[in-house]
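One structure is given here, and the rest of the page talks about it.
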Amino acid sequence: LPFSAAANLCPGAEQKVVFITARVHPGETPSSFVCQGIIDFLVSHHPIAKVLRDHLVFKIAPMLNPDGVYLGNYRCSLMGFDLNRHWANPSPWAHPTLHGVKELIIDMYNNPKINLEFYIDIHAHSTMMNGFMYGNIFEDEERFQRQAVFPKLLCQNAEDFSYSSTSFNRDAVKAGTGRRFLGGLLNDTSYCYTLEVSFYSYMLGGTAAAVPYTEEAYMKLGRNVARTFLDYYRLNSLVEGPLAPTPK
């Protein structure tokens, strides 16, 4: 990443990795704007972005279904597959993007110098309002509680993110999703989420008024997702000078 001689990129340094994917469903265009907000913020000159680059490695696949997007499909790839149901056994021929990303994630997971700490898959929701997350259910109560920390912090940073709409599940119909499959594969120090954002609007806390989403509002949510890692890793004290506002 530019603008930073990050220690975590030096040869032999242990890396904490945040892996982000988006647009596995071609019709969910808001996911691209959220992902764009994350990317633009992370490569900016903002002091928070610099601290994040110094301490974390972000791997981002902004479009998992480029052929479906090109064709104007709503949910499927060129060959008619819902890619978000094929994480368990993706074919290099039928699901090449999924296969490649999964191989990369597994290689990182097996590398003793890499801690794959977060996987976040960005989607858009056609019936729910606000931004919210889906997480996994674990028998280990402590792990289950730790998983709730990031969405709770995000709720404090983003006025359009709803923790009350965030839920944790393991229903069979979602078994082939990235969040479910990787949640079962990775160890208990890794957290896997689906980040959903409404297609149309969000409700501000304490009001009954729906605020329509715009491209800028989606990108703002992305910026707030990125800056939440500062709170999660308790890096606030490392930000130099007065804290500048998130860029518009």
Side-chain angles (χ1 to χ4, degrees), residues 17-39 58-110 116-129 131-138 147 165-187 190-200 213 215 218-219 221-222 225:
V17 173
V18 175
F19 206 108
I20 297 171
T21 58
R23 207 70 184 274
V24 71
H25 292 143
E28 297 175 7
T29 51
S31 69
S32 282
F33 291 114
V34 174
C35 192
Q36 185 70 48
I38 294 173
I39 295 170
F58 290 87
K59 300 283 188 181
I60 302 175
M63 190 173 287
L64 285 180
N65 196 340
D67 51 342
V69 170
Y70 176 79
L71 290 169
N73 292 351
Y74 178 68
R75 196 167 180 87
C76 295
S77 66
L78 167 68
M79 299 184 68
F81 292 108
D82 180 344
L83 296 182
N84 205 36
R85 296 297 183 272
H86 290 274
W87 275 88
N89 190 29
S91 160
W93 176 75
H95 327 106
T97 53
L98 219 61
H99 182 267
V101 168
K102 180 182 173 182
E103 293 250 301
L104 177 58
I105 290 174
I106 290 176
D107 285 347
M108 288 191 299
Y109 176 61
N110 291 329
L116 182 55
E117 307 225 325
F118 279 90
Y119 172 75
I120 300 175
D121 189 28
I122 308 173
H123 287 250
H125 206 285
S126 59
T127 59
M128 298 280 283
M129 298 176 74
F132 58 95
M133 280 179 151
Y134 292 125
N136 295 311
I137 289 178
F138 304 106
Q147 184 188 212
S165 295
T166 293
S167 63
F168 304 90
N169 61 64
R170 55 181 174 194
D171 49 309
V173 71
K174 300 291 181 69
T177 65
R179 183 256 309 179
R180 280 289 306 280
F181 174 76
L182 293 173
L185 172 72
L186 306 178
N187 62 31
S190 303
Y191 301 101
C192 300
Y193 304 95
T194 300
L195 172 63
E196 296 273 3
V197 62
S198 173
F199 268 104
Y200 49 100
Y213 265 115
E215 293 176 10
Y218 288 130
M219 289 190 281
L221 177 59
V225 169

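Computed over heavy atoms, backbone and side chain alike; hydrogens, waters and symmetry mates excluded.
- A pairwise comparison of heavy atoms in Ser165 and Phe132 identifies O-CD1, 3.6 Å as the closest pair.
- Distance CG/Asn65 to SG/Cys76: 8.5 Å, rounded to 0.5 Å.
- Ser31 OG to His125 NE2: the interatomic distance, rounded to the nearest 0.5 Å, is 13.5 Å.
- Two rings, from His86 and Phe81, have their centers less than 6.0 Å apart.
- In this structure the side chain of Met79 reaches within 4.5 angstrom of the side chain of Trp93, judged on heavy atoms.
- Residues Ile60 and Cys35 meet the side-chain proximity criterion, which asks for heavy atoms closer than 4.5 Å.
- Residues Arg23 and Thr29 meet the side-chain proximity criterion, which asks for heavy atoms closer than 4.5 Å.
- Taking OH of Tyr218 as the start and OG of Ser198 as the end, the distance is 5.5 Å to the nearest 0.5 Å.
- The nearest pair of heavy atoms linking Pro96 to Ala94 is CD-C, 3.4 Å.
- When all heavy atoms of Ser126 and Phe199 are compared, the closest pair comes out as CA-CD1, 3.3 Å.
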Could you go through the side-chain contact (heavy atoms from CB on, under 4.5 Å) check for Ile122 and Ile38 one step at a time?
CA-CA 11 Å; Ile122 308 173; Ile38 294 173; 3.9 Å; yes
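- Within the 4.5 Å cutoff, the side chain of Pro30 has no heavy atoms near those of the Tyr200 side chain.
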Run the side-chain contact (heavy atoms from CB on, under 4.5 Å) check on Glu117 and Tyr191 step by step: do they pass?
CA-CA 6 Å; Glu117 307 225 325; Tyr191 301 101; 5.9 Å; no
Please lay out, stage by stage, how Asp67 and Ser77 fare under the test side-chain hydrogen bond (donor to acceptor under 3.5 Å, both in side chains).
CA-CA 6 Å; Asp67 51 342; Ser77 66; 4.7 Å; no
Could you give me the CA-CA distance, side-chain angles and deciding distance for Ile20 and Phe118, then say whether side-chain contact (heavy atoms from CB on, under 4.5 Å) is met?
CA-CA 8 Å; Ile20 297 171; Phe118 279 90; over 6 Å; no
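- Separating the CE atom in Met219 from the CZ atom in Phe33 is a distance of 6.5 Å, to the nearest 0.5 Å.
- Taking the side chain as every heavy atom from C-beta outward, Tyr193 and Gln147 approach each other to under 4.5 Å.
- Side-chain contact between Ile39 and Phe58 is absent, with no heavy atoms from C-beta onward closer than 4.5 Å.
- Remark: Arg75 engages Asp82 in a salt bridge, criterion side-chain N to carboxylate O under 4.0 Å.
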Please report the C-alpha distance between His123 and His25 in whole Å, then the side-chain angles of each, then the deciding distance to 0.1 Å, and finally whether the side-chain contact (heavy atoms from CB on, under 4.5 Å) criterion is met.
CA-CA 7 Å; His123 287 250; His25 292 143; 3.5 Å; yes
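- Atom CE in Met133 sits 5.0 Å away from atom CG in Leu195 (nearest 0.5 Å).
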Side-chain donor-acceptor pairs of residues 97-109 under 3.5 Å, sequence neighbours excluded:
from	atom 1	to	atom 2	distance (Å)
Thr97	OG1	Leu64	O	2.5
Lys102	NZ	Trp87	O	3.1
Lys102	NZ	Ala88	O	2.8

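- With rounding to the nearest 0.5 angstrom, the CG atom of Asn84 is 6.5 Å from the OG1 atom of Thr194.
- Counting only heavy atoms from C-beta outward, the side chains of Leu116 and Phe19 approach each other to under 4.5 Å.
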